[in-house]
Amino acid sequence: MCGRYASSRGPGDLAEVFGIEKWEPEEALAPDFNVAPTKEVYAILDRPLKDAEDPAPVRQLRTLKWGLVPSWSKTPEGGARMINARAETVHEKLSYRRAFASRRCVLPADGYYEWVTAPEERQLEVEGKKKRPRKQPYFVTPADGSVFAMAGLYEFWRDKTLPDEHPLAWWVTCTVITTEAETAPLAVAPAEGPRALADIHPRMPLMLTPDRWDAWLDPSRTDVDDLRPLLEPPPAGLMRAYPVSMAVSNVRNNGPELLKELDGPEEGTLF
């Protein structure tokens with residue numbers, strides 16, 4: 001899954017990487033090394049500019065709220081739970097299928113955090129039983145230092161309790177698409193502990209390689225059968241993972257020190 005990630009690149013860097021044509025300086029976000037659900041996050045999307053005479057889509061950097069609220073939802077309360085959408089079913093699930101067909105985005109990150117789940121704990125999760133409280137967090141990031149481009153969806157929701165002119169009348173929210181975690185060896189693995197992403201957790205965010213960005217963002221592509229091949233996992237062996245401090249487990253902690261690689265797992269944690 002993806003429940004926490006780091007995003008430190010600014011609009012200038014992202015514009016250069018993704019070819020962004022439009023962004024609003026007042027929407028700039030500070031570097032965030034502990035992005036959690038319901039926070040404001042960057043998203044890259046192709047969409048016509050509001051009130052523009054030219055209907056052609058423009059590549060934009062927008063600030064969205066993480067946790068998708070479907071347009072038909074009566075309240076936004078379920079958004080905090082809809083932070084991930086499964087690649088295997090996103091085309092058919094009521095909450096995601098319309099966004100998958102026409103409102104796709106890229107969520108840029110440095111990488112994501114995942115807490116190791118041992119095989120016996122995975123069974124407890126399946127059975128709905130309580131898990132052990134201490135797990136070792138790992139930071140997963142492209143081995144070459146490039147941006148981690150996560151496949152996402154976005155949606156518009158109208159708060160009908162507010163007048164049209166109210167700044168919060170419209171919510172724009174997003175979700176991260178996940179896929180099965182790689183079982184192939186990591187490009188760079190820690191000295192001790194997991195050797196593949198699947199050893200950490202059975203799910204991972206769907207990373208889009210640069211050759212898929214344009215097709216994924218193209219709003220004119222609405223045929224589901226045409227879009228589903230874009231949900232294929234990226235080539236194996238592009239990622240590295242390393243243990244980081246347990247401090248990242250507290251969302252109040254935030255700073256570049258959270259990305260510091262530890263020599264090994266912290267005492268008392270799994271792996």
>> Quick check on D263: does its CG atom have over 12 non-hydrogen neighbours (other residues, nucleotides or ligands) under 6.0 Å away?
In response: no
> Taking atom OG of S245 and atom CD of Q136, what is their separation to the nearest 0.5 Å?
Replying inline: 8.5 Å
>> Checking R98 against S71 for the side-chain contact (heavy atoms from CB on, under 4.5 Å) test, could you report, in this order, the C-alpha distance in whole Å, the side-chain angles of both residues, the deciding distance, and whether it holds?
In response: CA-CA 10 Å; R98 291 176 63 184; S71 60; 3.9 Å; yes
> For the residue pair A87 and L231, what are the closest heavy atoms and their distance?
Replying inline: O-CD1, 3.4 Å
> Linking I/L/V/M/F/W/Y whenever their side-chain heavy atoms sit closer than 4.5 Å, directly or via other members, would L208 and Y42 fall into one cluster?
Replying inline: yes
>> Please find the pair of heavy atoms, one from G67 and one from T173, that lie closest to each other, and give the distance.
In response: O-CB, 3.2 Å
> With no hydrogens and no angle check, is any side-chain donor or acceptor of S249 less than 3.5 Å from a backbone partner on M246?
Replying inline: yes
> Are the side chains of L259 and V244 in touch, meaning some heavy atoms are under 4.5 Å apart?
Replying inline: no
> Does L29 belong to the same Ile/Leu/Val/Met/Phe/Trp/Tyr cluster as L45, with side-chain heavy atoms less than 4.5 Å apart forming each link?
Replying inline: no
> Does the R62 side chain pair with the main chain of E27, one donor and one acceptor, at a distance under 3.5 Å?
Replying inline: no
> Are F18 and W213 an aromatic pair by the rule of ring centers under 6.0 Å?
Replying inline: yes
> Are any of the side-chain heavy atoms of R240 and F139 separated by less than 4.5 Å?
Replying inline: no
> So, are R203 and E88 salt-bridged, with charged N and O less than 4.0 Å apart?
Replying inline: yes
> Do the rings of F100 and W216 sit parallel, tilted or perpendicular, given the 30° and 60° boundaries?
Replying inline: tilted
> Salt bridge check: are D214 and R59 linked by an N-O gap of less than 4.0 Å?
Replying inline: yes
>> Within this structure, what is the OH-CG distance for the pair Y96 and L94, rounded to the nearest 0.5 Å?
In response: 10.5 Å
>> I'd like to know whether CD of E92 has more than 12 heavy-atom contacts from other residues, nucleotides or ligands below 6.0 angstrom.
In response: yes
> Can you check whether N254's main-chain N or O pairs, donor with acceptor, with N34's side chain at less than 3.5 Å?
Replying inline: no
>> Whether the side chain of R212 engages the backbone of M207 through a donor-acceptor N/O pair (distance < 3.5 Å, no angle test) should be reported.
In response: no
> So which heavy atom on P37 is nearest to which on G3, and how close?
Replying inline: CD-O, 3.3 Å
> Transitively linked via ILVMFWY side-chain contacts under 4.5 Å: V224 with V90?
Replying inline: yes
>> Within this structure, what is the CG-CG distance for the pair D159 and D164, rounded to the nearest 0.5 Å?
In response: 11.0 Å
> Any donor and acceptor pair, going by atom type alone, linking the side chain of S146 with main-chain N or O of P142 inside 3.5 Å?
Replying inline: no
>> Are I44 and V172 linked, directly or through intermediate hydrophobic residues, by side-chain heavy-atom contacts shorter than 4.5 Å (ILVMFWY only)?
In response: no
> Tell me, do V41 and T63 make a side-chain contact under 4.5 Å, heavy atoms counted?
Replying inline: no
> Are the side chains of I177 and L153 in touch, meaning some heavy atoms are under 4.5 Å apart?
Replying inline: yes
> Tell me, do H91 and R97 make a side-chain contact under 4.5 Å, heavy atoms counted?
Replying inline: no
>> Centre-to-centre under 6.0 Å for W66 and Y5, is that the case here?
In response: yes
> Does any non-hydrogen side-chain atom of V116 lie less than 4.5 Å from one of D199?
Replying inline: no
>> So which atom in T183 and which in A196 form the shortest heavy-atom distance, rounded to 0.1 Å?
In response: O-CB, 3.5 Å
> Taking it one step at a time, do I20 and L14 satisfy side-chain contact (heavy atoms from CB on, under 4.5 Å)?
Replying inline: CA-CA 7 Å; I20 293 166; L14 294 174; 4.0 Å; yes
> How far does OG1 of T178 sit from CE of M204, to the nearest 0.5 angstrom?
Replying inline: 9.5 Å
> Is the Y113 ring parallel, tilted or perpendicular to the W115 ring (thresholds 30°, 60°)?
Replying inline: tilted
> For atom CZ of R228, is the number of surrounding heavy atoms from other residues, nucleotides or ligands below 6.0 Å larger than 12?
Replying inline: no
> Roughly how far apart are L206 CG and N84 CG, rounded to 0.5 Å?
Replying inline: 11.5 Å
> Yes or no on side-chain contact (heavy atoms from CB on, under 4.5 Å) for S95 and W72, after CA distance, side-chain angles and deciding distance?
Replying inline: CA-CA 9 Å; S95 297; W72 45 262; 3.7 Å; yes
> Between K65 and K39, is a side-chain contact (heavy atoms from CB on, under 4.5 Å) present by the stated rule, with each step listed?
Replying inline: CA-CA 6 Å; K65 184 183 289 290; K39 278 190 173 184; over 6 Å; no
> Going from NZ on K160 to OG1 on T75, what distance comes out if it is rounded to the nearest 0.5 angstrom?
Replying inline: 12.5 Å
> Transitively linked via ILVMFWY side-chain contacts under 4.5 Å: V106 with L61?
Replying inline: yes
> Between E155 and R103, is the closest basic N to carboxylate O distance under 4.0 Å?
Replying inline: yes
>> Quick one: does any side-chain atom of R86 pair with a main-chain N or O of T179 as donor and acceptor, under 3.5 Å?
In response: no
>> Please tell me whether Y112 and F148 form a close aromatic pair, meaning their ring centres lie under 6.0 Å apart.
In response: yes
> Looking only at heavy atoms, what is the nearest atom pair of Y154 and R47, with distance?
Replying inline: OH-NH1, 3.5 Å
>> Other residues, nucleotides and ligands only: do more than 12 of their heavy atoms fall within 6.0 Å of CD on E26?
In response: yes
> Which heavy atom of V251 sits nearest a heavy atom of A36, and at what distance?
Replying inline: CG2-CB, 3.4 Å
>> Between S102 and P219, is there a side-chain heavy-atom distance shorter than 4.5 Å?
In response: no
> Taking side chain as C-beta onward, heavy atoms only, is R9 less than 4.5 Å from D110?
Replying inline: yes
> Is there a donor-acceptor pair under 3.5 Å between the side chain of W157 and the backbone N or O of S73?
Replying inline: yes
